[in-house]
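Below is one structure, written out as structure tokens; the observations come after it.
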Amino acid sequence: MEGPVEISIRGFHPTNLPGLVDLVARTGAAEWSPDQIRTAVEGAVCRVRLAWEGRPGSDRPVGFVLARRILETVEIDLVGVDPSLRRQGVARLLLTDLLEAERSIGAAEARLELAAGNEAAFALYAGLGFVVVGRRERYYPDGDDALLLTARF
């Protein structure tokens, strides 16, 4: 039996783009095209964190968070973890790293939206201090509502 997975969190470098595009596809975020990902990471306000498996020679990311910094607000756009490593704390590590870094340089809050039916993600965000501040009814194509969440620092 294998022990816990060792994960390291790093920022984004342009050479990471192919691995990020592949990972986004593996996580099921098909609504994000490679061009949209590239445009997002090239923006001056973009914040990207990548999780890497700690085993020697690992050359592909296993988790990511894409966000934007707008004035004192961090807008979290997309979070994903390789399906084989879900529910092992990778997303929490990514988000904690991002939020601590942004808080240390003056961010006052973070915002995001998620599908109301995504209970696992809701539990993760609630555990990080996010609270529901709004709801968009039948927002997603499948008819699910969107919850608007905010965490103040």
Side-chain angles (χ1 to χ4, degrees), residues 5 7-14 16-53 60-103 105-153:
V5 176
I7 299 293
S8 63
I9 306 299
R10 300 183 219 153
F12 178 80
H13 185 274
N16 302 138
L17 184 60
L20 176 60
V21 167
D22 177 61
L23 179 58
V24 170
R26 286 195 325 269
T27 63
E31 67 274 8
W32 282 69
S33 72
D35 284 340
Q36 289 172 307
I37 296 165
R38 184 175 58 263
T39 299
V41 301
E42 289 174 349
V45 298
C46 183
R47 305 297 196 256
V48 181
R49 293 292 188 278
L50 297 173
W52 301 82
E53 200 168 350
R60 68 180 192 144
V62 296
F64 66 90
V65 60
L66 299 177
R68 294 171 285 140
R69 173 74 179 264
I70 302 169
L71 301 174
E72 294 180 348
T73 301
V74 179
E75 297 273 346
I76 298 170
D77 293 319
L78 193 59
V79 179
V81 174
D82 186 283
S84 69
L85 294 174
R86 288 187 179 150
R87 305 194 67 79
Q88 295 187 38
V90 177
R92 180 177 297 280
L93 287 171
L94 284 161
L95 289 161
T96 299
D97 184 80
L98 171 73
L99 297 174
E100 287 176 0
E102 293 301 313
R103 184 180 311 123
I105 56 172
E109 70 178 357
R111 296 179 184 166
L112 61 93
E113 75 175 43
L114 80 140
N118 191 341
E119 295 174 8
F122 182 80
L124 168 66
Y125 293 121
L128 293 170
F130 283 83
V131 295
V132 177
V133 295
R135 183 181 205 102
R136 294 182 178 140
E137 293 186 19
R138 303 187 57 78
Y139 181 76
Y140 293 104
D142 66 359
D144 202 358
D145 293 352
L147 299 178
L148 308 175
L149 281 69
T150 296
R152 299 197 188 278
F153 306 143

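Just so it is clear, the structure is predicted and the values come from calculations on it, not from any experiment.
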Which is it for Leu147 and Tyr125 under the side-chain contact (heavy atoms from CB on, under 4.5 Å) test, yes or no, and what are the steps along the way? CA-CA 11 Å; Leu147 299 178; Tyr125 293 121; over 6 Å; no
Where [X] and [Y] come nearest, the two heavy atoms and their spacing:
X: Glu137; Y: Asp145; answer: CA-OD1, 3.2 Å
X: Arg87; Y: Ala120; answer: NH1-CB, 3.4 Å
X: Ala107; Y: Phe153; answer: O-CD1, 3.2 Å
X: Ile9; Y: Ala51; answer: CD1-CB, 3.8 Å
X: Trp52; Y: Pro61; answer: CZ3-N, 3.4 Å

Supply the atom-to-atom distance [X] [atom1] to [Y] [atom2], rounded to the nearest 0.5 angstrom.
X: Glu119; Y: Leu124; atom1: CD; atom2: CG; value: 14.0 Å
X: Arg111; Y: Arg152; atom1: CZ; atom2: CZ; value: 7.0 Å
X: Glu102; Y: Glu72; atom1: CD; atom2: CD; value: 12.0 Å
X: Phe64; Y: Leu78; atom1: CZ; atom2: CG; value: 4.0 Å
X: Asp82; Y: Glu53; atom1: CG; atom2: CD; value: 8.5 Å
X: Glu75; Y: Glu109; atom1: CD; atom2: CD; value: 8.0 Å

Applying side-chain contact (heavy atoms from CB on, under 4.5 Å), run through Trp32 and Val21 and close with a yes or a no. CA-CA 9 Å; Trp32 282 69; Val21 167; over 6 Å; no
Step-by-step side-chain contact (heavy atoms from CB on, under 4.5 Å) determination, Asn16 to Val41: CA-CA 10 Å; Asn16 302 138; Val41 301; over 6 Å; no
Measuring only between side-chain heavy atoms, which start at C-beta, is [X] closer than 4.5 Å to [Y]?
X: Ile76; Y: Leu98; result: yes
X: Gln88; Y: Ile7; result: no
X: Leu112; Y: Val79; result: no
X: Glu113; Y: Tyr140; result: yes

Leu71 CG: over 12 foreign heavy atoms closer than 6.0 Å: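 Result for CG/Leu71: open.
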Is a side-chain donor or acceptor of [X] paired with a backbone partner of [Y] at a separation under 3.5 angstrom?
X: Asp77; Y: Ala67; answer: no
X: Asp144; Y: Gly117; answer: yes
X: Asp97; Y: Leu94; answer: no
X: Arg26; Y: Pro83; answer: no
X: Thr27; Y: Val24; answer: yes

Does Phe130 form a side-chain contact (heavy atoms from CB on, under 4.5 Å) with Leu99? I'd like the steps, not just the answer. CA-CA 11 Å; Phe130 283 83; Leu99 297 174; 4.0 Å; yes
